[in-house]
Peer 1: 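Encoded as structure tokens, here's the structure I'll be asking about.
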Amino acid sequence: MADITLTVDGKKLTVPAGTLLIEACKGAGIEVPFFCYYPNLSLQGACRMCLVEIEKMPKLQTACTTLVAEGMVVTTESDKVKQARKSMLELLLANHPLDCPVCDAGGECELQDMTFKYGAAESKFMDLKNHRDEQQWSPVVYFDRPRCILCYRCIRVCGEGMDVWSLGIQNRGPSSIIAPNKEDHLECEECGMCIDICPVGALTSGAYRYKTRPWEMKHVGTVCTHCGDGCKTTLGVRRADTGMQIVRGDNRDKSGINGEFLCIKGRYAFDFAHHPERLPQPLVKREGKLVPTTWEQAFDLIAKKFQDALTSDGPTSIGVIGSNHTSNEENYLLQKFARLVLGTNNIDHHRTADFPAFASALAGKQNTTASMRDVFSAPAVLLIGNDPTEQHPLLAWQIRSDVRLHRAKLYVVNSSAIKLHRQATSFAQIVSGSEGNFVQFLAGNDKAADSVVSPNLTREALTTLRDALKNESGLVIIFGSELRGADVKALVDFGLAQGAKFICLGDYANSRGAADMGLYPDMLPGYAPVLTATRYHEEWLDEIPPIPGMNLLQMMDAAKNGKLKALYVVGSNPIARNNIDPFALSKSFVIVQDMFLTETASIADVVLPVANAYEKSGTYTNTSGDVQMLKKAGEFAGVRNDFECIVRIAARMGYDVHKLVPFGGAGTRADMGQTRGAQSGESDRHAVWLASHNLEPKMSPYDPTAMLDEIQRLVPGYDISRLNLLAGQDVHSQLVQITGATGMGDPALIMPANDSLFTSGTLGKFSDTLNTVYERYSPPHDLEMAADYDPQVRMGG
Amino acid sequence: MKFSDQLEQRFATMVTHYPTKRSVLVPMLLYIQDELGSLTEEAIHEIAQRVELSDLEVRNVISYYSMLRTRAVGKYNFQICTNVSCLLRGAEDIFEQCKKKLGVGNKQTTSDGLFYLEEVECIGACSWAPAMMMNYEFVENLTAAKIDELIEGLKKKEQQ
Amino acid sequence: MAYLVSHPDEVKVVSKRFGKGATSLDRYLELDGYKALQKALTMQPDAIINEVKASNLRGRGGAGFPTGMKWSFVPKQSPKPKYVLCNGDESEPGTCKDRLIFEHDPHSVIEGVMIAALAVGAKTGYIYLRGEYRYLVQIMEKAVADAYARGFIGKNIFGSGVDLDIFVHSGAGAYEVGEESALMESLEGKRGIPRIRPPFPAVVGLWGGPTVINNAESLASVPHIILGGGEWFAKLGTPKNGGTRLFCMSGELERPGVYELPMGYNLKKMIYDVAGGMVKGKKLKGVVPGGSSVQIITPDEIDVAMDFDSLPKVGSMLGSGGVIVIDDHTCLVKFALRVTQFYQHESCGWCIPCREGTDWMKKTLVRMHSGGGVAKDIDNLKYLAENMLGRTFCPLGDAAAMPIISYVQKFRSEFEDHLNGKPCPYEKAAQPVMV
Ligand SMILES: Cc1cc2nc3c(=O)[nH]c(=O)nc-3n(C[C@H](O)[C@H](O)[C@H](O)COP(=O)(O)O)c2cc1C
Ligand code: SF4
Ligand code: SF4
Ligand code: SF4
Ligand code: SF4
Ligand code: FES
Ligand code: FES
């Protein structure tokens, strides 16, 4: 669009036509105050805080609804303007309870800030204020009516942003009030976006209410540990008896791929970290019972059992199962440990997507995977399978926002009418299980349509859809685990022909990382076949065992047959997740690293209590390949992180840890692990030790960044900007398979997690918030229809 | 839920008058209320379904309009205008007379469920003030005597 | 039913069929009904607009915007359908004229809507009636049905090839819905919250299509303008204020009622001659000449021409044509309270200054009137009103603020009489009340 030149407070600004005056001012560093305006939500013009003087206009004008015009002359700080702002605040405060000292928003309240700035503290009001008691609307949402300034942000973010439409406004005039959809309570997606966006303390969260004051918290930006989308979250932590407790999660600084979005899990389901059942010390089985032991005894025992198995039955008698929740560094370290220390390729994880087939289909082509950010701006999106609203909430938000704000075209191909069909330009309801055939049809096999068509979907409609897709440039193709093996290849070939980018959807926070880091019996990191000579063979001096190992199910079979002497399970719960019969493991020595006595941990011989992702540093790779830094926020007394455990066990087994973790130089001999930190119960000893010694990182074997060095050096696609990563940004990695090979990563082993918005695998079971909400909504709720609300009208366009 | 044939008929014609379904909402709510006495949960749900809105959105609309209500009131709805033109001509006394005569206050229904009394804003009878509405019927140039007469008349009618 | 009054000074144009049984279509036809429409069907749209421009017809809804000019803002070409919307929400205290038009001459409104539709190229017209006017819904629906039955509305009207539909729509109790953008929201089945402007309804209105919104009296004047000519109509009034106007005389007058007088008619004559002066024993204290939303004027300011341009000279406005005459037995603080109570009740609540300002002013006035006022209340009322003025999202906020400023300015002593526990001097058995 053409540019427009205007003058604001004597400054000449040039901005694109169609820019709102308030944005033009912001861009030039001129602050115009606002309550009801909110970027990317429909315009309101309700609060009148943004009034400015515009030459030739007799009345003050709202900067939030005025489009810039050529030659416009604007004054934002005249006496008239200041008086208008001041009086607006006076009017608001007339009926506002002065309970700042006990209000959750106190200290970060936009009304407080404005009052401070524009001065309206002296009250002219002397009558009774309207009062109403606070109400609980849902397990997470509380409403305190007198504090509400009616900015309508909550209504809009819930409706326009979330497409939930569960908040409304009732009555009129001074009796106007925000109302929940079920008269006295809310039924919704419980995302807490409404609370987050509330400029005052009118909407507060059950999780955080009255717990602490903003200034008593420490804030740490890290990554959500639930689904595969990788939302950035800022955790507010506070001291508690058991360590640093997380009391709040949000992304108010809008720093990550998710902007300010978080779903219920990212926002509230951090509470598992201080769940009463969290294990504070190692356990060992004695006379059939798990009893507390010391870390030293536990490590000794594990090392001894591994060595026994190696001596008696050789490396193939040991199995290792990795995690979708541990960091890239830990996953990398774990497979290296299995392959080098134990000498086995018997390593696997709970697979939720066919990343190997995806990597192989892309065949190393650059710029063919879409990042989570790309989805927000893509001109068109094709979604095959999956239900992002339930399983990938951020992705669903990105898609919705793209459609709403950029009028992107959305093509949904699904066997059920998933919620995103409401945003779809075209929705093809295919026969359940025919996703593969649909892709074959796309690829040109007309006969494949036979099993795809249904009474809801004609052959003509399918052909129209295919033609439309072929004409889309800049298409982002997103597919769920319904597509595997050859179907993935067919889809990728179809899309690459027209320059599309792809996202393969895997469940859990670091499932993509687990796959990229080689938690496979037949693949090394970067999907390199174990059989082919690779850079790892060079780097690790050919210590990689020359035959592929057993996959997860094969290991279980071996265990049942008494052929698996020891099983090392790190952050995984195969008994529950992969439906393994617990008796199958009764003949093996089972070591489990976990936070809780999960189904798997409870039958283990040794359980090591470990830190979760909120309690350590490292990196995660989300399902679209965006790599982000984890930062330690919380901590739980008594636990250690997986990284440390693996290194310790290797050391106890007599392995040279320098070969495992390329840390420091020669001669670093301090007792890295034993030094007590400033705070007791430190789980990230490395960080504490470094901090207390004022040292640079990578001086200890517990340093994940040392491992990251190796990953960046050896795993293609991970040679990304460390600078950006350390700055807390997401960095997109390319999906490159080191040596092309197909047919690896048996598609039959893929078991989607089938989590809903209110579940999160094993983790979710230990979140009281999720459990409360889950119970409340079963049997399954059906969310309300959209209020037919056309933001265009209010956008003034 | 079905409404009377007449109302069903009205609804069916009305939806053809507008490009969007929800456009019938405001008048339909009033007509439904006239038929049912108030906008019941069931009626709200029904109309919401028909015009493809959430119940919440329908409630949002209902609560905006002063004539719409979700609770039933007395059979005879006495709405006394006390706005300025009527005020100037003694509306306050008229309202007091109603209170006295009916034994109820503002926004109350008599115990026999017959009369509901409400103070309302200007009803468009300013040149014939003071004025009131009784179930959509204008009664103008009110005097205390006229009020008594009206109430007595209605009471008598009920006794028959 | 409201009775009709008459005075020799009246010039009956819009009211010429009042009391003549024109609700019957046959009778309406006898009285020149639908002739203007037929004439308009032979005219070019621009010619119709020019005729209305020449008539100097200014909006009878309150703002007095030239009707012809408003119509000319509608784009000739529009991808979306265009509409005409007749504003019959009449809820401004002191105003009861549109009601008479609908009751006595329903077809004239229909005819006006249709001519407007021809002028701007709309195919559909809506007549929005306030919910309280239920009996008028019946009258209007019957009139529309009768006209459909004769082929005056619907397909190929009068064999012209033009299709035009008219529908009657009822509100459900809301003053704010009379504001044009809130009116559209209400018609679309929503809460009556005004829209952001620009864009104006003539460009983006009902369901996004260009929409002409006019008051019922404005539209009812149109057929007469088409038949009698714009120039004739213009000459009935004063310069820039064409035609006649229905003035609703209320208050303690000998002959209150709705009179059709030429624009620019003298207010003093209106009160003392046309309406017969004050009832015996009462004296004039002030006049609110254009519905409750306008400023009060004092007895020595009433020698003024009643048109859009003269009243501002005495600090008030012509508004909706509701002439509220206040007598010396009425307490002005009570009057202020009642007016403010109205705006507080009718504020849609969308914007801070109006929602909070009306509530605050009402609370202050309640307290003041019951004797609990303190000195700073008077200035504070003025401060509040001045800080609402011109800063609200729609004109209702101004309508709530302007009268208060004028009351305080022109009748300050009455407010002072209520301070410091003093009971209202006008109440019969007033009790002193403290804060
Ligand atoms: C609060 C408010 C209430 C209004 N109520 C009415 C009304 O009841 N009837 C009306 O015709 N105009 C009313 N108006 C004026 C309308 O907004 C609009 O200007 C008018 O209908 C245009 O028609 P006209 O140009 O023919 O006067 C109101 C305006 C405001 C701000
Ligand atoms: S869906 Fe989210 S934004 Fe909407 S009400 Fe629920 S918690 Fe609030
Ligand atoms: S609850 Fe908060 S976000 Fe919602 S309208 Fe009130 S102040 Fe605004
Ligand atoms: S969308 Fe996924 S990553 Fe984002 S907050 Fe929810 S669970 Fe966490
Ligand atoms: S001024 Fe504001 S609150 Fe008042 S009616 Fe208009 S939009 Fe609503
Ligand atoms: S920010 Fe502009 S009116 Fe609220
Ligand atoms: S003021 Fe009572 S009817 Fe208008």
Side-chain angles (χ1 to χ4, degrees), chain B residues 10 13-14 16-31 33-34 47 51 53 57-58 60-69 79 81-93 119-129 131 133 135-141, chain C residues 1-3 5 81 90-99 124 126 130-135 137 165 167 169-175 177 186-193 206-207 248-252 256-258 288 292 322 324-327 329-330 334-335 338-339 341-342 345-346 348:
Chain B
R10 208 177 228 281
T13 346
M14 256 168 57
T16 66
H17 293 174
Y18 314 90
T20 63
K21 281 192 179 162
R22 73 175 295 170
S23 302
V24 304
L25 196 56
V26 175
M28 261 315 275
L29 286 168
L30 193 60
Y31 300 147
Q33 171 172 298
D34 289 346
I47 187 81
V51 302
L53 292 175
E57 182 65 11
V58 173
N60 296 345
V61 171
I62 291 174
S63 61
Y64 179 89
Y65 293 93
S66 61
M67 292 173 73
L68 301 178
R69 51 176 187 255
Q79 296 179 303
C81 171
T82 59
N83 213 311
V84 285
S85 297
C86 294
L87 176 80
L88 289 167
R89 289 177 79 95
E92 282 182 315
D93 295 341
E119 179 181 359
V120 295
E121 300 299 351
C122 174
I123 54 177
C126 325
S127 289
W128 312 281
M133 291 186 84
N135 299 356
Y136 293 125
E137 206 178 297
F138 281 85
V139 190
E140 292 158 343
N141 297 302
Chain C
M1 293 297 121
Y3 58 83
V5 285
E90 185 167 72
S91 309
E92 170 91 2
T95 318
C96 48
K97 61 186 178 71
D98 298 342
R99 187 181 148 199
T124 316
Y126 295 97
R130 70 179 291 193
E132 289 86 349
Y133 287 174
R134 167 50 70 74
Y135 78 108
V137 173
D165 284 305
F167 305 113
H169 189 101
S170 171
Y175 167 67
V177 157
S186 179
L187 190 94
E188 290 182 10
K190 301 171 188 167
R191 295 163 55 81
I193 307 292
L206 283 169
W207 306 287
C248 318
M249 308 293 299
S250 70
E252 291 284 58
V258 179
V288 174
S292 64
I324 306 165
V325 177
I326 302 163
D327 60 82
H329 286 58
T330 302
K334 168 152 272 161
F335 192 88
R338 191 61 190 83
V339 167
Q341 184 181 321
F342 171 74
H345 185 254
E346 300 298 330
C348 81

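Here is the naming used below: chain letters follow the sequence lines, and residue numbers restart at 1 for every chain.
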Peer 1: Measuring heavy-atom distances to chain C, does B/A125 have an atom under 4.5 Å in its side chain, in its backbone, in both, or in neither?
Peer 2: both
Peer 1: Looking at chain C, which one of B/L87, B/V139, B/I123 has the largest number of heavy-atom pairs inside 4.5 Å, strictly under?
Peer 2: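 Of the options given, most contacts go to B/I123.
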Peer 1: For C/T95, is it the side chain, the backbone, both or neither that has a heavy atom under 4.5 Å from a heavy atom of chain B?
Peer 2: backbone
Peer 1: What verdict does the salt bridge (charged side-chain N to carboxylate O under 4.0 Å, His left out) test give for C/R134 and B/E137, after you've listed the backbone C-alpha separation in whole Å, the side-chain angles of each residue and the deciding distance to 0.1 Å?
Peer 2: CA-CA 8 Å; C/R134 167 50 70 74; B/E137 206 178 297; over 6 Å; no
Peer 1: Should the ring pair C/F167 and B/Y18 be called parallel, tilted or perpendicular, given that the plane angle runs from 0 to 90° and is split at 30 and 60?
Peer 2: tilted
Peer 1: Which residue out of B/C122, B/A131, B/A129, B/S63 racks up the most heavy-atom pairs below 4.5 Å with chain C?
Peer 2: B/C122
Peer 1: Heavy-atom pairs under 4.5 Å with chain C: which of B/Q33, B/H17, B/M14, B/Q79 has the most?
Peer 2: B/H17
Peer 1: Contact part of B/V58 toward chain C, heavy-atom cut-off under 4.5 Å: side chain, backbone, both or neither?
Peer 2: neither
Peer 1: For the interface with chain C, which of B/N141, B/V61, B/D34, B/T82 has the highest count of heavy-atom pairs at distances below 4.5 Å?
Peer 2: B/T82
Peer 1: Using non-hydrogen atoms and a 4.5 Å limit, figure out which bit of C/E92 sits close to chain B: side chain, backbone, both or neither.
Peer 2: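 The backbone, not the side chain.
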Peer 1: B/Y65 ring centre to C/R191 NZ or CZ under 6.0 Å, with the angle to the axis within 45°?
Peer 2: no
Peer 1: Below 4.5 Å, heavy-atom pairs only: which of B/G90, B/P19, B/S85 has the largest tally toward chain C?
Peer 2: B/P19
Peer 1: In terms of side-chain heavy atoms, does C/E90 have a donor or acceptor partner in C/Y133 at a distance below 3.5 Å?
Peer 2: yes
Peer 1: May I ask you to name which of B/V84, B/V120, B/L25, B/L29 has the most heavy-atom pairs under 4.5 Å with chain C?
Peer 2: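 Ranked by contacts with chain C, first place is B/V84.
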Peer 1: Checking heavy atoms, do the side chain of C/V288, its backbone, both or neither come under 4.5 Å from chain B?
Peer 2: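 Interface part for C/V288: neither.
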Peer 1: Side chains of C/S250 and B/W128: any donor to acceptor distance under 3.5 Å?
Peer 2: no
